[in-house]
Each structure stands twice: as C-alpha cells, then as structure tokens.
Amino acid sequence: MPDIVQNYIGGKWSQAQSGETFPTYNPATEEILAVAPTSSTNDVNAAVNAAKAAYKHWRLTPAPRRGEILFKVAQILTERKEQLARLMTQEMGKILAETRGDVQEAIDMAYYMGGEGRRLLGYTAPVEMPNKFGMAMRDSVGVIGLITPWNFPIAVPSWKILPALIAGNTIVFKPSEDTPATSAAFVKVFEDAGLPPGVLNLVTGAGAAGAALANHPDVRVISFTGSTDTGLKVYSQAASLGKKVSLEMGGKNAIIVLDDANLDLAVDAIIWSAFGTTGQRCTATSRLIVQSGIKPKLIDALVAKSKTLKVGDGLDDKTNVGPLVNAKGRDKVEKYVEIGKQEGAKLLVGGQRTDMGKGYFYAPTLFSDVSRSMRIAREEIFGPVLSAIEVASLDEAVEVNNESAYGLSSSIFTENVNAAFRAIRDLTTGIVYINHGTTGAEIQFPFGGTRGTGNGMREAGQAGMDSFTEWKSVYVDFSGRLQRAQIDTESVLQEP
Ligand code: UN1
C-alpha cells in the first residue's frame with residue numbers, strides 16, 4: 001500500500017483543496033511509494049496565511065526558546081535516523097550510507113542553529129555623539145518560501161528551515177515532487193518537537209505550487225535549490241516583486257590531478273565524488289582535469305575500480321551505486337553519453353543501462369580524450385558520467401576549471417604545498433578542496449557557488465543567516481536633551 005502524504009498547514013494535516021494527488025515511485029523497483037497532494041494557488045495561499053498568523057507570536061518567542069525546539073528536532077532526528085534514511089532510499093534511490101549522511105547533516109544543522117538561539121550576533125560600534133549608543137542586530141523577515149530538490153531531501157531543506165526558524169521567521173516549504181513522503185516525515189519531526197502550528201507549513205506538488213509561492217506578495221524571501229532552468233524562472237518571478245532570492249543551482253565540478261599526486265587517494269576520491277549518489281549531487285565531480293604524466297596510470301586505475309562498483313537497490317548494503325531518481329534522469333544521462341560519443345570522446349567504461357529487470361539503473365561511465373569545448377565537458381549531466389580532460393600544467397588546469405559556466409566546488413590532488421596554495425588562490429569556485437573529493441561540505445561553513453551556480457548568496461555557516469534576516473541598525477539617544485534634527489560633523493565638535 002502506498003503511503004498517503006498530506007500537506008501540513010496551520011498545524012493540520014490535509015489534502016489539497018482540489019482533492020488532486022500525484023504518485024511518487026521507488027526508482028529501484030518502479031513501484032508506487034506514495035501519493036501526495038497536488039497543491040495549487042489556493043493551498044499555497046492558505047499556507048501563507050497560516051505562516052503570517054504564526055509569525056506574530058513566533059517572532060516574539062525568545063530565540064533561546066526557539067533554539068530549544070531545534071535541539072529537540074536534532075534529538076528526534078537522531079532517534080528516527082534509520083527510519084528516515086530507509087524511506088529516503090526508497091523514495092529517491094541513493095544508498096543507505098548516503099541517506100544516513102543526509103539525515104546527519106540535518107542533525108548537525110539543528111544543533112548548530114539551535115546554538116544560534118543564544119548568539120544571533122550583531123555588533124555595536126562607536127557613534128558620533130557622547131550620549132548616544134549604536135548597534136546593529138539581525139531581525140526576522142516574515143514569511144519565507146522554500147523550494148527544494150529531491151537529491152538531498154532532508155539535508156538541503158534543513159539548511160533553509162533551521163536558520164529561518166531560529167531567526168524568528170515562519171515558513172512555507174514546497175519540496176520536490178519526487179520526494180513528498182520524505183519531506184512530510186521531516187516536517188512531522190518539527191511537529192513532534194513542539195513547533196507551534198503555522199510556523200512551518202508544507203505544500204507538496206510541482207511547478208504550479210512553486211510558482212504560486214514565488215508570486216505571493218506576502219512571501220518576502222524565496223530560497224531555492226534545484227535546476228538552473230527552474231531557478232532562473234523563480235528568480236525572475238520573485239525579482240519582479242522585489243523579493244530577496246537565494247539560488248543554488250547547477251554545477252560542473254572538477255578534480256585536478258597533478259603528476260605528483262598520491263594516486264590511491266586521488267582514485268578513491270574521484271570514484272566517490274563522481275559516482276557516489278549516482279552522480280546526482282550539485283557537488284559531484286563530472287570533470288577530471290589530469291596532468292599528462294599521471295594520466296595513463298590514473299585512467300587505468302579508475303577503469304579498474306569503476307568495474308568493481310556494484311549497481312543496485314540502495315537498500316542492499318552491498319550496493320555502491322543506486323538508481324537514477326526517475327526515467328527522465330536516466331534518459332538525460334543516455335542522451336549525454338550519445339552526445340559524448342558523437343563528439344569523439346573515448347568511452348572507456350560504462351555507457352549503458354545496468355539491466356536489473358526494473359529500475360532506472362545506469363553503469364558508472366568514464367570518457368577520456370575529452371576536449372574543453374565538448375558539451376560533456378561543459379553541461380551538467382547529473383548522473384554517473386565523468387569526462388577526463390588532459391592538461392600540461394597547473395596553470396592550464398586552473399584555466400580549464402575556471403572556464404566553466406558554473407562555480408560550486410573544485411579540488412586538486414598534489415603533494416606540493418606551493419601548488420596547493422596557488423590553487424587555493426586561483427580556483428574561482430565557492431568551495432575548494434585540497435586532496436579531497438568535491439563532495440562532503442560541512443554545515444558550519446558557507447555553501448554555494450560562483451558564476452551560474454547561484455546569485456552570490458550562501459547557505460550554512462554564519463553566511464547562511466543572511467538570506468533569512470534583515471539588518472536593523474538602532475541608535476539610542478540618552479542625552480535627555482532637545483537634539484538638533486540634523487547632526488553634522490560640526491555639531492559633534494561643539495558637543496560638551
Ligand atoms: C547538493 O548536492 O545539493 O557537500 C548538496 C556535499 C553535501 C551536500 C550536497 N554535503 O556533497
């Protein structure tokens with residue numbers, strides 16, 4: 001029996017007003033996993049109204065008290081980690097080790113942001129008069145709209161929900177139509193942790209619900225993670241209404257391997273960054289930029305290791321690579337593999353479906369002899385396909401890395417400290433790794449990318465608060481005397 005997912009609006013679980021639903025499928029078995037409400041503008045309006053009503057009280061709830069609820073969220077997530085991980089694997093396919101990691105990111109974020117309940121630091125600075133005090137503080141914004149992807153169905157929403165809540169905002173959350181069941185199970189954790197009704201609202205559905213949120217005049221901030229196409233649409237809708245928008249979109253991340261690299265370390269990192277989560281991370285490695293000297297050995301080792309990876313159902317502990325999320329995802333991979341072959345790249349391993357009878361499985365795929373101008377070197381595939389580009393030097397490697405339309409994550413393998421520091425200085429991505437794959441960002445540092453990956457905003461860490469707060473500058477005059485309406489520099493000099 002499929003799960004029946006409901007919206008969560010004003011503290012009540014309900015169907016869409018239209019009664020319409022849509023199914024989600026287990027990508028390993030193609031069986032229906034859940035049926036969820038197809039929300040429309042009416043449902044989004046109801047959720048925004050609930051969030052507006054709840055904001056009146058939530059913004060005045062002391063932040064340390066809000067933090068206690070987040071600690072409780074962390075505790076319940078810890079108790080339900082296995083259950084949530086299994087549901088997530090069944091709904092979007094990645095293997096259990098990865099879905100456990102996904103839940104763990106939310107636990108880490110809940111503790112981190114819970115602690116912010118006793119910080120939310122602003123600052124004071126000197127002011128121009130003797131009997132006056134000045135400070136800047138972070139203030140809540142109001143109702144926040146969240147649109148999130150299926151590939152990290154708990155972690156990515158947690159990067160948005162938890163900072164938004166600790167700052168005193170209320171939320172309407174519209175998750176991907178591929179993961180409504182996991183999203184509802186996540187929202188249930190907040191209900192059980194004692195979050196007051198209306199503070200966090202869930203509306204499931206597809207583009208219509210997302211567009212209704214982006215266009216709602218009372219939603220002042222939209223935080224979006226997902227595809228570049230959808231992100232740019234959301235951006236222009238929301239921008240035309242003057243909203244603040246935070247965007248996290250595509251990637252085409254590279255690992256650079258120099259001749260002096262530790263080969264075993266590099267092989268391991270490349271395999272897991274390229275084929276882990278079936279290549280469906282915005283941080284996944286999809287370009288290998290390799291120096292000529294080490295290339296033959298590295299490619300041989302990658303081909304050998306790729307062949308040992310077990311493709312299968314993510315619930316099976318022996319599986320290394322789960323299915324693609326749906327038929328569309330698999331078709332896109334197939335299309336790009338054909339493009340790669342036509343462009344003249346050399347297919348070394350993979351390049352075909354893994355036939356398991358059912359499910360959207362595809363073999364880890366490696367192309368070499370890829371040139372910088374080929375589409376497989378430039379466009380996001382979001383699947384287990386790695387393109388190797390040969391370079392002569394560090395300078396050329398950096399140039400190839402930086403010419404991407406995207407700029408999320410990059411990595412370099414070298415044992416030379418000078419080369420490593422040059423790379424730190426010159427790689428123009430939002431995240432840079434040394435002797436480590438391009439995935440595995442931790443929640444206490446800013447997460448986000450340059451160029452086409454985003455719009456300059458960051459999630460997580462202290463920077464993650466910027467999307468969900470307004471700065472309020474406060475001046476307190478304690479002179480007790482009539483003051484001039486305008487204070488200029490001259491008057492300061494005359495002050496006793
Ligand atoms: C994503 O793919 O959208 O750094 C997020 C990582 C994870 C998060 C990925 N911590 O790979």
Side-chain angles (χ1 to χ4, degrees), residues 77 85 88 92-95 97-113 146-163 175-176 178-179 182-183 186 223-231 246-255 268-287 321-322 324-325 329 380-386 406-411 429-450 452-455 457-461 463-464 467:
L77 281 173
M88 195 189 300
M92 53 67 68
K94 66 186 177 184
I95 64 172
E98 291 166 343
T99 52
R100 288 182 190 122
D102 191 309
V103 180
Q104 187 59 45
E105 281 199 39
I107 295 169
D108 298 343
M109 193 56 129
Y111 281 123
Y112 182 79
M113 285 298 165
L146 307 182
I147 303 175
T148 59
W150 48 265
N151 69 332
F152 275 83
I154 290 188
V156 167
S158 83
W159 301 352
K160 304 178 191 296
I161 291 173
L162 296 160
S176 161
D178 283 303
T179 50
T182 310
S183 308
F186 186 39
S223 179
F224 172 93
T225 300
S227 73
T228 303
D229 278 358
T230 310
S246 157
L247 294 175
E248 187 55 51
M249 306 183 292
K252 190 74 191 171
N253 313 297
I255 291 183
D268 197 62
I270 294 162
I271 290 288
W272 297 114
S273 296
F275 304 136
T277 323
T278 323
Q280 303 169 109
R281 291 192 188 211
C282 13
T283 52
T285 301
S286 60
R287 294 183 296 157
V321 180
L324 274 309
V325 68
E380 186 173 52
I381 302 174
F382 226 60
V385 181
L386 179 65
Y406 301 106
L408 182 55
S409 180
S410 58
S411 147
T429 50
I431 305 170
V432 172
Y433 288 100
I434 308 297
N435 292 326
H436 185 291
T438 54
T439 65
E442 300 183 24
I443 59 90
Q444 62 276 29
F445 294 108
F447 181 94
T450 59
T453 291
N455 62 342
M457 303 297 286
R458 293 290 184 270
E459 299 191 85
S467 297

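Order of appearance sets the numbers: ligands from 1, and atoms from 1 within every ligand.
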Closest non-hydrogen protein atom to [atom], residue and atom name please, with distance?
| atom | value |
| --- | --- |
| atom 9 (C) of ligand 1 | F152 CE1, 3.6 Å |
| atom 7 (C) of ligand 1 | E105 OE2, 3.3 Å |
| atom 6 (C) of ligand 1 | G440 N, 3.2 Å |
| atom 3 (O) of ligand 1 | C282 SG, 2.5 Å |
| atom 4 (O) of ligand 1 | A441 N, 2.7 Å |

Are [X] and [Y] close enough that some pair of their side-chain heavy atoms sits under 4.5 Å apart?
| X | Y | value |
| --- | --- | --- |
| Q280 | L324 | yes |
| I161 | L146 | yes |
| M249 | Y406 | no |
| I95 | V321 | no |

State the atoms of ligand 1, each with its element, that fall below the 4.0 Å cut-off from a heavy-atom position in R281.
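By the 4.0 Å cutoff, the relevant atoms are 2 (O), 6 (C), 7 (C), 11 (O).
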
Give the atoms of ligand 1, by number and element, whose distance to some non-hydrogen atom of N151 is under 4.0 Å.
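Answer, ordered by atom number: 1 (C), 2 (O), 3 (O).
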
So is W159 in contact with ligand 1, going by heavy-atom distances below 4.0 Å?
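For ligand 1, residue contact (heavy atoms, under 4.0 Å) with W159 is present.
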
Side chain or backbone of T277 under 4.0 Å from ligand 1, or both, or neither, by non-hydrogen atoms?
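Neither part.
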
For the residue pair F152 and D102, what are the closest heavy atoms and their distance?
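Distance-wise, the nearest heavy atoms are CA-OD2, 3.1 Å.
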
Under a 3.5 Å cutoff, is there a donor and acceptor pairing between the side chains of T438 and T285?
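Judged by distance alone, the side chains do pair up.
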
Considering residues at least two apart in sequence or located in another chain, which fulfil the salt bridge (charged side-chain N to carboxylate O under 4.0 Å, His left out) criterion with E459?
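Once residues adjacent in sequence are excluded, the partners of E459 under the salt bridge (charged side-chain N to carboxylate O under 4.0 Å, His left out) criterion are K160.
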
